[in-house]
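Let me begin by presenting the structure, written as structure tokens, before commenting on it.
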Amino acid sequence: MSLPPRLDPELRSGCVRPRYALLINPFYPKDPHASFGKHVLTPTLALTSIAGATPTNWEVTYWDENLLQGPPPWEPFPQVVGITVHLTFAQRAYALAKWYRCRGARVVLGGLHVLSCPDEAAPHADALAIGEGVQLWPRILQDVEADNLQKVYQATYHRPYREDPAPRRNLLPSESFLTTASLIATRGCHNRCGFCYLATDGLKMPYQMRDVDQVAQEFQATGQPYGVFTDNNLGSRPDYLRQLCKALRPLEKIWSAAVTIDVTDDPSLVREMALAGCTGVFVGLESLENENLTDARKRTPRPADYARRVAILHDYGIQVNGSFVLGFDHDRKTVFEKTAAWVEENRLECATFHILTPYPGTPLFKQLETENRLLHKNWMLYDTGHVVFRPRHMTPEELAEGYAWCYRRLFSHRSIWRRRPADPRAVLSYLAMSYLYKRSNRLWHFLIQKRLTARVWRPLVELTRRRHLVLRKRLANPALPLTASRVVPAGV
């Protein structure tokens with residue numbers, strides 16, 4: 001899970017197949033402190049969406065190197081290779097680009113790293129796609145056919161989101177993922193946190209919403225019982241989220257999404273989420289220190305109110321995966337113990353930790369570069385699992401060890417047991433989820449390589465769905481007190 005597949009330098013390709021495109025999600029090293037399972041929960045939506053925009057006279061296939069199925073395909077040899085680039089796997093993307101270009105393919109690079117560092121990416125590609133790739137991809141392929149490929153293609157994010165074609169999920173190896181129902185209903189976020197990639201220079205992404213009926217129909221068409229909304233913040237517009245929940249409710253499916261903690265401003269909205277099938281939320285709590293949130297320019301309720309708001313989500317049977325960033329300027333060495341203790345005290349079913357990482361083009365990057373606090377610009381290590389700057393109140397080594405300690409603590413038998421649901425009926429499925437997801441990295445390597453992810457996970461998904469249908473019936477009965485329906489569905 002740390003080394004990419006070998007690219008054979010001696011391999012000679014056959015003839016290039018005209019009008020055949022290959023889309024690649026490059027390999028990236030996995031953080032041994034975190035769960036390997038999270039990398040196969042859902043497939044990338046970006047590439048399947050681009051595949052959906054492919055002209056009908058072109059053949060297109062998808063390859064994800066992180067599924068450990070060996071080197072990328074070369075028979076038949078593609079005329080065009082599209083590669084998404086993130087800074088943590090930029091070097092791997094460039095290596096793939098060189099390998100395919102040397103054998104006759106035209107390589108197109110796109111993604112956030114291309115937007116933030118186009119001069120770096122340009123020598124490695126025949127063309128750069130900067131901005132909304134779904135708009136650019138058909139034009140690029142038309143230019144390839146006309147032998148008129150340009151070096152740079154640019155698009156904005158202002159076209160109505162509802163006009164985008166549906167993703168091509170039929171290209172995915174469904175057995176390799178927990179679910180292939182990666183969904184997106186909105187684009188953008190009302191926050192512009194200084195450390196977030198949405199604050200990257202040149203990224204102008206207005207908040208947009210798709211028609212709720214369009215989203216519900218797409219979810220239904222996947223045939224999957226569980227969906228994951230990949231929106232930056234599904235709750236940015238509470239009125240829209242309420243409408244979406246009403247459209248999803250009749251499907252009798254379950255889903256999870258990323259939201260900010262202010263989604264609990266109105267508990268009735270949380271109730272609507274539960275009635276619509278929401279079983280879990282990923283919440284960027286970021287820090288328990290007010291000063292850190294202020295510095296990050298995050299508009300959010302204060303940490304003193306986090307516990308009450310997490311309890312609201314739990315009251316409606318919604319699991320909470322709290323995301324925390326370590327290494328802010330107001331963090332001392334006590335931040336690790338304080339954060340872990342808070343997670344256990346409030347029984348968060350899961351927690352995700354990140355070392356503060358200054359992405360190129362963000363205000364945080366500019367600040368740390370100006371202060372001469374960057375340790376290097378090896379993008380491969382800008383993965384939130386390595387320290388790439390000098391913290392203000394601890395050494396880089398202390399931050400790295402504190403980060404690793406947080407995962408050891410939260411993934412320990414003792415901590416998993418401490419955070420078990422208050423409802424005894426949910427404990428068994430919670431433990432099954434926790435141990436499979438958090439303490440099974442050796443098993444995950446086997447499951448991913450043998451394409452057994454779906455076979456192992458989906459029985460737990462279906463159990464969760466059925467238990468959640470029971471919860472919904474109780475929630476829908478206004479005569480029952482809230483505590484009578486408190487069941488935390490575990491599993492997803």
Side-chain angles (χ1 to χ4, degrees), residues 1-11 22-48 51 60-78 81-86 88-93 95-97 99-100 167-182 222-226 228 230 350 352 380 383-386 407 411 432-462 491-492:
M1 301 293 283
S2 60
L3 296 175
R6 181 175 178 269
L7 299 174
D8 186 353
E10 304 300 324
L11 188 144
L22 171 65
L23 300 175
I24 300 180
N25 187 37
F27 179 90
Y28 51 91
K30 310 305 180 290
D31 184 350
H33 303 299
S35 171
F36 291 169
K38 70 179 183 179
H39 302 286
V40 288
L41 295 184
T42 56
T44 167
L45 192 57
L47 290 181
T48 51
V60 62
T61 57
Y62 166 91
W63 186 262
D64 191 334
E65 287 198 291
N66 299 285
L67 299 182
L68 308 181
Q69 301 301 308
W74 57 276
E75 282 188 317
F77 199 77
V81 178
I83 305 175
T84 185
V85 188
H86 185 275
T88 57
F89 52 73
Q91 292 306 314
R92 177 60 180 179
L96 287 165
W99 193 87
Y100 277 101
R168 287 277 304 275
R169 295 186 177 87
N170 62 315
L171 300 178
L172 299 169
S174 61
E175 68 277 6
S176 296
F177 298 98
L178 166 63
T179 178
T180 56
S182 302
T222 66
Q224 297 283 325
Y226 173 57
V228 177
T230 62
C350 191
T352 304
M380 194 171 172
D383 59 358
T384 79
H386 293 85
Y407 269 122
F411 283 15
M433 180 275 292
S434 294
Y435 276 90
L436 178 58
Y437 180 68
K438 300 175 184 177
R439 293 189 58 90
S440 305
N441 275 352
R442 291 183 181 179
L443 174 62
W444 274 115
H445 183 276
F446 174 81
L447 296 179
I448 294 169
Q449 195 169 50
K450 301 299 181 182
R451 292 191 171 183
L452 295 173
T453 299
R455 187 176 299 180
V456 170
W457 261 107
R458 288 183 187 171
L460 188 56
V461 171
E462 181 59 21
V492 291

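- Distance alone, capped at 3.5 Å, is enough to place a donor-acceptor pair between the Gln69 side chain and the Gln449 backbone.
- To the nearest 0.5 Å, atoms CD (Glu65) and CG (Leu68) are separated by 10.0 Å.
- The minimum heavy-atom distance linking Ser182 with Thr230 is given by the pair CB-CG2, 4.3 Å.
- The shortest side-chain heavy-atom distance between Trp457 and Leu460 falls under the 4.5 Å cut-off.
- Shown here for Thr84 and Ala93, the closest heavy-atom pair between the two residues is O-CB, 4.4 Å.
- Side-chain atoms of Leu67 and Pro173, non-hydrogen and from C-beta on, do get closer than 4.5 Å to each other.
- When all heavy atoms of Ala181 and Tyr226 are compared, the closest pair comes out as CB-O, 3.5 Å.
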| Full working for side chain to side chain contact (heavy atoms under 4.5 Å, CB included) between Ile448 and Met1 | CA-CA 10 Å; Ile448 294 169; Met1 301 293 283; 3.8 Å; yes
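- Atom NZ of Lys38 and atom OH of Tyr437 lie 6.0 Å apart (nearest 0.5 Å).
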| How far apart are the C-alpha atoms of Trp444 and Val40, what are their side-chain angles, what is the distance that settles it, and do they pass the side chain to side chain contact (heavy atoms under 4.5 Å, CB included) test? | CA-CA 9 Å; Trp444 274 115; Val40 288; 3.9 Å; yes
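- Around CZ of Arg455, the count of heavy atoms belonging to other residues, nucleotides or ligands within 6.0 Å does not exceed 12.
- Taking both residues in full, the closest heavy atoms of Pro9 and Arg6 are given as CD-NH2, 3.5 Å, listed atom of the first, atom of the second, then distance.
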| When you look at Leu11 and Trp74, which way does the side chain to side chain contact (heavy atoms under 4.5 Å, CB included) test go after all the steps? | CA-CA 9 Å; Leu11 188 144; Trp74 57 276; 3.3 Å; yes
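- Asn25 contributes atom CG, which lies 10.5 Å from atom CD1 of Ile83 (distance to the nearest 0.5 angstrom).
- The distance from atom NE2 of His86 to atom OG1 of Thr44, rounded to the nearest 0.5 Å, is 11.5 Å.
- The cationic atom of Lys30 (NZ for Lys, CZ for Arg) lies less than 6.0 Å from the six-membered ring centre of Tyr28 and within 45° of the ring axis.
- In plain terms, the two heavy atoms of Pro459 and Ala454 that are nearest each other are CD-O, 4.2 Å.
- Inter-residue side-chain proximity for Thr88 and Pro29 is flagged as unmet; no heavy-atom pair is nearer than 4.5 Å.
- Put simply, the side chain of Leu178 does not reach to within 4.5 Å of the side chain of Thr42, judged on heavy atoms.
- Heavy atoms of other residues, nucleotides or ligands lying less than 6.0 angstrom from OH of Tyr435 number more than 12.
- Put simply, the side chain of Leu7 reaches to within 4.5 Å of the side chain of Leu96, judged on heavy atoms.
- In this structure, OG in Ser176 is found 10.5 Å from CG in Leu447, a value given to the nearest 0.5 Å.
- Looking only at side-chain heavy atoms (C-beta outward), Arg458 and Gln224 come within less than 4.5 Å of each other.
- The main-chain N or O of His33 is never found under 3.5 Å from a side-chain atom of Asn441 such that the two would form a donor-acceptor pair.
- Judged purely by atom type and a 3.5 angstrom limit, Asn66 uses its side chain to pair as donor or acceptor with the backbone of Pro26.
- Looking at Leu436 and Leu443, their side chains come closer than 4.5 Å, going by heavy atoms from C-beta outward.
- Residues satisfying the salt bridge (Lys or Arg N to Asp or Glu O under 4.0 Å) criterion with Glu175, sequence neighbours excluded, are Arg451.
- Minimum interatomic distance between Glu462 and Pro225 (heavy atoms only, all atoms of both residues): OE1-CB, 4.2 Å.
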| field | Stepwise side chain to side chain contact (heavy atoms under 4.5 Å, CB included) test for Thr179 and Val461 | value | CA-CA 9 Å; Thr179 178; Val461 171; over 6 Å; no
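- A distance of 8.5 Å separates OG1 of Thr61 from CD1 of Ile24, quoted to the nearest 0.5 Å.
- In this structure a side-chain-to-backbone donor-acceptor pair under 3.5 Å is missing from Arg92 to Pro4.
- Side chains of Trp99 and Pro72 form no contact here, defined as non-hydrogen atoms less than 4.5 Å apart.
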